[in-house]
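Chain letters run A, B, ... following the sequence lines, proteins first and then strands; every chain starts at 1. All figures in this text were calculated on a predicted structure; none of them were measured in a lab.
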Amino acid sequence: MRVTRFPLSTTRETPADAEIVSHQLMLRAGMIRRLSAGLYTWLPLGLRVLQRVERIVREEMDRAGALEVLMPAVQPAELWQESGRWEKYGPELLRIQDRHERDFCFGPTHEEVITDLFRREIRSYRQLPVNYYQIQTKFRDETRPRFGVMRAREFLMKDAYSFHLDDAGLEAEYQAMRETYTRIFERTGLAFSAVEADTGAIGGSVSHEFMVLADSGEDAIAACEASGYAANVELAPAPPPEQPRPAPGEALQEVATPGQRTIAEVADHLGIPASRHVKTLLVEGAEGGLVALLLRGDHELNELKAEKHPAVAAPLTLAGAERVEAELGCPLGSLGPVGLQGVALIADHAAAQAADFVCGANREGYHLIGVNWGRDLPEPETADLRTVEAGDPSPDGGGPLAIRRGIEVGHVFQLGKTYSEAMGATVLDEAGQERTVTMGCYGIGVSRVVAAAIEQNHDERGIRWPEPIAPFQVALVAIKPEQPDVAEAAEALYAELMASGLDVLYDDREARPGVKFADMDLIGIPHRIVISPRALQQDTVEYKRREDAEATAVDRSEIVTWLKNRTTR
RNA sequence: CGGGGUGUAGCUCAGUUUGGUAGAGCACUGCCUUCGGGAGGCAGGGGCCGCAGGUUCAAAUCCUGCCACCCCGACCA
């Protein structure tokens, strides 16, 4: 491709509303343009990258035996009413009406459509297992789209759905998909990690997320280097400490803490570290009353764990200050488990381990110190309620956990029978009996992979594409192309490179060298060849990788072989 | 949805306080000089100042309403 036929539309200035580096660079490089909140046009340069990712995904899905389909983006409400999600999904579902005032939605996902397809097409266990996938535009009406295509409303997703007679079949396909995803992300050239994950509102039992590792990632991962354990911090268990609880050493005492509300303030005031405090969080209980969740002062409540506790109402709802004052007669900052009337207590394992601890006195302006379980108040019911932290022991006993940031680019689920039951997806088994099938589903955020790749691979000059997804492999820059000998040599080399199957962007503009170098660096092409009058005299050209500081002189006659030995696709 | 902010050239922004001929840099077009890391000069093109009302001799500027976008929070198969 010639730059004179491929408008680059790069900019030097960073658009004001782009916050993260991938968004900034995608705009500056001329990959995408915003049309409206969360809606982006992919320009030719950006689309090339998107299609590189798509190609890898498609090849690996095909290799794994999945079958590509293409389902409608717009879906009739009836299917969603059948699964129950028309009511449950909420405002993130874009609902639309046609001219007959029939209800439709723009698909945020396709479980309903695929399950409907399956029940119409597949009759017999002998046709199982089957795995259908598509690469489709989805729409989710996010309350706050941001970060460019990282969290857009409309985005490109690969979604796959598998159907099985039994759990063993599902399990096998699930493992096959995990391996396929691993191969896909290895092929993109990104550093990633597969982590245990929550199944969320989609239901199901087992799931893994594929995370591209990047400091700007919105998700936190708990990982143990020694054992290879990795999980979303939402999910990573914090088991009870192994050491026994220390014996009480202090007497219970009430102390004045006027105006002190937060743990930090009280800790500072009393000179007792936050780790020896127990904080009391009141949430709505499953039966309607209030439930007190007790955590060590330096620990953080894990909302997901809390709302899974049978005594706690889901979704987790913190009791408001007014309600607490009305029912318990003290402000939130003075709550404590001692003598708390009519409220069930659930203590995190670490909080239950505390001795001689500090807590609120249930009286404004006072705290208790030297508090001990079993002596000053009954032994509590315990549960895992906190979010793990760096340094916590790995749940598999493998050593300390580290916390890393990641961008979720893929998610695999064992869905089970949620949709097949609701929608009557059955096959006849060997005995001629009708059996409800069990399902898996497997997603990859294709457009998000592009943004994640940039988050992970950039420098002050621009993007540094991993070669497998780069828009071009080789940048060919002619310096002084207005000189006939340069133009001639450049044209000849361009033709030769194209003929050898390399994907080349030939900068044949009559621009200053600095402009061309800056553009090629910004758009991140992995290999660069420069043809100049100077080099031509030596019968050489210059070669440089995007990440190199210095160029190498290579004999003109050897450059194609040289490149062939250094490119990877 | 709550709180805060911004809408002026393709982009980044001045100008609004105190009403009086709509600006700069980048980008774009032409010419000249320059030519190995985003050059310089000269000359140009490009604006319903978000939209609709209102006040005024006169509105980018003041008033009212609406719309769009951004940030923080809540939310988030």
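- The A:Asp519 side chain lies nearest to B:G38 when the options are B:A74, B:G38, B:A77.
- Side-chain atoms of A:Arg528 and base atoms of B:G37 include a donor and an acceptor less than 3.5 Å apart.
- Geometric assessment of A:Arg528 against the ring of A:Phe517 yields a positive cation-pi assignment under the 6.0 Å and 45° thresholds.
- Taking the C1' atoms as reference points, B:U18 lies 16 Å from B:U56, given to the whole Å.
- Using N1 to N3 plus N6-O4 or O6-N4 for Watson-Crick, or N1-O2 and O6-N3 for G-U wobble, each under 3.5 Å, B:G73 pairs with B:C1.
- Side chain of A:Arg146, nearest nucleotide from B:U34, B:C75, B:C70: B:C75.
- Comparing A:Ala37 and A:Glu482 by the nucleotide of RNA chain B whose heavy atom lies nearest to each, the residue mapping closer to the 5' end is A:Glu482.
- Note: CD (A:Glu408) to P (B:A77) measures 10 Å, nearest angstrom.
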| note | Counting primed atoms, P, OP1 and OP2 as sugar-phosphate and everything else as base, the B/S/- map of nucleotides 7-15 of chain B against protein heavy atoms under 4.0 Å is ----BSS--

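- Of the candidate nucleotides B:C72, B:C75, B:G37, B:G37 has the atom nearest to the side chain of A:Arg461.
- If you check every strand for non-hydrogen atoms under 4.0 Å, A:Arg28 touches a base.
- Residue-to-nucleotide proximity on RNA chain B shows that, of A:Arg509 and A:Pro145, the 5′-proximal contact is made by A:Arg509.
- Between the C1' atom of B:C70 and the CZ atom of A:Arg34 lies a distance of 9 Å, rounded to the nearest Å.
- Defined by atom type and a distance below 3.5 Å, a donor-acceptor pair is missing between the side-chain atoms of A:His411 and A:Tyr442.
- The CG-P distance, from A:Leu35 to B:C70, rounds to 12 Å in whole Å.
- Inspection of the A:Gln538 and A:Thr540 side chains reveals no N or O donor paired with an N or O acceptor under 3.5 Å.
- The aromatic rings of A:Phe192 and A:Phe185 are tilted relative to each other, their planes meeting at an angle between 30° and 60°.
- Nucleotide B:C51 has B:G65 as its partner under the Watson-Crick or G-U criteria, with both atom distances under 3.5 Å.
- Of the nucleotides present, B:U33 is the one that pairs with B:A39 by Watson-Crick or G-U wobble criteria, both distances under 3.5 Å.
- Across the strands present, B:U56 finds no partner; the criterion is a Watson-Crick or G-U wobble pair with both atom distances under 3.5 angstrom.
- Relative to the side chain of A:Lys544, the nucleotides B:G37, B:C75, B:A77 differ in distance, and B:G37 lies closest.
- Between the OH atom of A:Tyr419 and the CD atom of A:Glu111 there is a distance of 4.5 Å, given to the nearest 0.5 Å.
- If you check every strand for non-hydrogen atoms under 4.0 Å, A:Lys516 touches nothing.
- Nearest nucleotide to the side chain of A:Phe517, out of B:C75, B:C35, B:G37: B:G37.
- Heavy atoms of A:Arg151 sit under 4.0 angstrom from at least one base atom.
- Using a 4.0 Å heavy-atom distance criterion, A:Glu542 is classed as a base contact.
- Using a 4.0 Å heavy-atom cutoff across all strands shown, A:Leu93 reaches no nucleic acid atom at all.
- Contact annotation for A:Met520: no contact, since no heavy-atom pair falls under 4.0 Å across all strands.
- Checked against ring pair (Phe, Tyr, Trp, His ring centres under 6.0 Å), A:Phe155 has no partners two or more places apart in sequence or in another chain.
- Paired with A:Val233 under the rule side chain to side chain contact (heavy atoms under 4.5 Å, CB included), one option of A:Thr387, A:Val195, A:Asp219 passes, and it is A:Thr387.
- Remark: P of B:A77 and CD of A:Gln136 are 21 Å apart, rounded to the nearest angstrom.
- Pair check for B:A27 finds none; no Watson-Crick or G-U wobble contact set falls under 3.5 Å.
- Cation-pi check for A:Arg48 over A:Trp42 is not met; the charged atom does not lie both under 6.0 angstrom from the ring centroid and within 45 degrees of its normal.
- Using a 4.0 Å cut-off, no side-chain N or O of A:Arg12 falls inside it from OP1 or OP2 of B:G38.
- In this view, A:Thr11 and A:Arg28 satisfy the side chain to side chain contact (heavy atoms under 4.5 Å, CB included) rule, not counting sequence neighbours.
- Between A:Arg144 and B:C75 there is no side-chain N or O to OP1 or OP2 distance below 4.0 Å.
- In a base pair of the Watson-Crick type (N1 to N3 plus N6-O4 or O6-N4) or a G-U wobble (N1-O2 and O6-N3), with each distance short of 3.5 Å, B:U21 is matched with no nucleotide.
- With B:A74, B:A77, B:A39 as the choices, the nucleotide that has an atom nearest any side-chain atom of A:Met157 turns out to be B:A77.
- Atom CG in A:Asn232 sits about 14 Å away from atom C1' in B:C76, given to the nearest Å.
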